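To start, the structure under review is shown below, and the notes come after it.
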Amino acid sequence: MDITMLEELQYNAFPPLQTRLYDGWTLRFGGNFTYRVNCANPIYPGAQPPETVLEQIEAAYEASGLRGCIVKLHQGMGEQAAVYDRLLADRGYQEDRRGNIFCCGLGRFSHAYQNQVDIQHRVEAAWLKDFLDMNGTSDPGERAAAERMLQNIALPVLAASIQLEGRTVACGLGVCERGYVGLYDIFVDSAFRRRGLGADLCAGIMDAGKAQGCHTAYLQVLQNNTGARALYRGLGYAQDYEYWFRLKWY
């Protein structure tokens, strides 16, 4: 897979509240809602020394009022990833949330559903409330920021949910671009696990993406989430490349 393109797809799928460009890096600001919209991301080789770039990145995040500075690194950076990883470690950054991108071709994908999956093609208020409730976003400021960002996604969205016993027990988000559908934030109520809801929810997004013309699905999964990794492999996903975060709180 083209790592640079997959990084672009993930970047576009979740627009932050503000973005700045600095010497080959994007600095994303999203009101402390998730790492992915509050971190610095490399997108192309810059002209300045890595130490200078990191100093400017740190200054920007410290001035923003966010809790700290988060930097995302990935294998597509090649040797540059190792250089920045060492520098960040020397500057007191801790490694956190090491994971992988998984991909699955949709050409022959099929799934036997146990539960009905509802797919909406826009981020409606009711789905958004359930989504934020299930992912534990309770801080009013973070919740308001999340609502703005999710409702500002310009690409085709697949807001998926499963209803049982009169309430939402699983939800997740798909975003389509360039023949790819990305699966984000798959949540299942703890009281309803081991009933096939996670597989049904993912498959519902994948089939809806296929109906939109997508040929490949992708998602992010942490390396220590063995249950999710087994679920995704069972759906036909294969591991692609590795990413990780380095962070320092103020």
Side-chain angles (χ1 to χ4, degrees), residues 1-103 135 137 139 141-142 145-146 149 177 180 182 184-185 218-226 228-229 238-250:
M1 289 291 181
D2 184 333
I3 295 178
T4 299
M5 185 188 66
L6 284 169
E7 286 293 305
E8 289 177 355
L9 297 178
Q10 295 167 72
Y11 181 91
N12 292 338
F14 260 74
L17 296 176
Q18 185 185 54
T19 301
R20 301 181 202 169
L21 296 176
Y22 183 79
D23 198 41
W25 290 69
T26 59
L27 281 59
R28 293 158 63 83
F29 303 87
N32 286 316
F33 175 72
T34 81
Y35 283 10
R36 72 169 65 99
V37 290
N38 288 286
C39 66
N41 298 259
I43 53 175
Y44 56 83
Q48 299 186 74
E51 296 87 347
T52 302
V53 174
L54 287 178
E55 288 173 0
Q56 294 301 316
I57 288 173
E58 288 178 357
Y61 278 99
E62 187 167 8
S64 73
L66 295 177
R67 290 193 298 258
C69 185
I70 304 171
V71 177
K72 180 185 176 183
L73 304 172
H74 59 80
Q75 283 183 317
M77 297 172 64
E79 179 58 29
Q80 188 184 34
V83 170
Y84 275 106
D85 200 51
R86 289 192 295 268
L87 285 173
L88 289 164
D90 291 343
R91 296 174 76 91
Y93 284 71
Q94 302 298 310
E95 183 186 302
D96 195 21
R97 301 188 186 182
R98 184 175 286 266
N100 298 93
I101 302 301
F102 276 35
C103 294
N135 75 11
T137 303
D139 179 87
E142 292 182 22
M149 287 183 285
E177 184 186 2
Y180 289 77
Y184 294 92
D185 297 318
Y218 69 89
L219 51 81
Q220 304 167 333
V221 58
L222 297 179
Q223 292 182 354
N224 61 3
N225 193 342
T226 55
R229 294 170 82 89
Q239 180 175 309
D240 201 292
Y241 66 93
E242 187 177 45
Y243 69 90
W244 64 100
F245 295 93
R246 286 263 182 193
L247 57 89
K248 180 167 66 174
W249 301 126
Y250 299 131

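Bear in mind the structure is a predicted one, so any value in this text is a computation, not a measurement. Side-chain atoms are counted along with the backbone in the values below, which use heavy atoms only and exclude waters and symmetry mates. Starting from 1, each residue takes its place in the sequence as its number.
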Nearest 0.5 angstrom please: [X] [atom1] to [Y] [atom2], how far?
X	Y	atom1	atom2	answer
Leu247	Asn38	CG	CG	11.5 Å
Thr137	Asn32	OG1	CG	11.0 Å
Met149	Phe33	CE	CZ	6.0 Å
Arg98	Leu222	CZ	CG	11.5 Å
Leu87	Tyr93	CG	OH	10.5 Å
Tyr243	Gln223	OH	CD	8.5 Å

Closest non-hydrogen atom pair, [X] against [Y]:
X	Y	result
Tyr250	Glu62	OH-N, 3.1 Å
Arg28	Asn41	CD-ND2, 3.1 Å
Asn12	Pro15	O-CD, 4.0 Å
Ala145	Gly30	CB-O, 3.8 Å
Leu73	Ala81	CD1-O, 4.0 Å
Cys69	Ile57	SG-CG2, 3.7 Å

Close side-chain approach of [X] to [Y], heavy-atom, < 4.5 Å:
X	Y	answer
Glu177	Met5	no
Trp249	Ile70	yes
Leu6	Tyr180	yes
Gln10	Ile101	yes
Tyr11	Ile43	no

- Message: Strictly by salt bridge (Lys or Arg N to Asp or Glu O under 4.0 Å), give each pair with a member in residues 66-78 just once, sequence neighbours left out.
- Response: Glu7-Lys72, Arg67-Glu142

- Item | Arg246 to Tyr84 six-membered ring, cation-pi geometry met (6.0 Å, 45°) |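 Because its charged atom misses either the 6.0 Å distance or the 45° angle limit, Arg246 does not stack over Tyr84.
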
- Query: Has Arg229 got its NZ or CZ under 6.0 Å from the middle of the six-membered ring of Phe102, at an angle within 45 degrees of the ring axis?
  - Reply: no

Which donor-acceptor pairs under 3.5 Å do side chains of residues 45-54 form with protein atoms, sequence neighbours excluded?
| residue | atom | partner | partner atom | Å |
| --- | --- | --- | --- | --- |
| Gln48 | OE1 | Tyr22 | OH | 3.4 |
| Gln48 | NE2 | Tyr22 | OH | 2.8 |

- Task: Establish, from distance only, whether the side-chain atoms of Tyr218 and Asp240 form a donor-acceptor pair under 3.5 Å.
- Result: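 Tyr218 vs Asp240: no donor-acceptor pair found between side chains.
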
- Do Tyr61 side-chain atoms and Ala40 backbone N/O form a donor-acceptor pair below 3.5 Å? yes

- Task: Kindly write out the residues that satisfy side chain to side chain contact (heavy atoms under 4.5 Å, CB included) with Arg36, not counting sequence neighbours, or none if the list is empty.
- Result: Phe14, Thr34, Tyr184, Asp185, Gln220

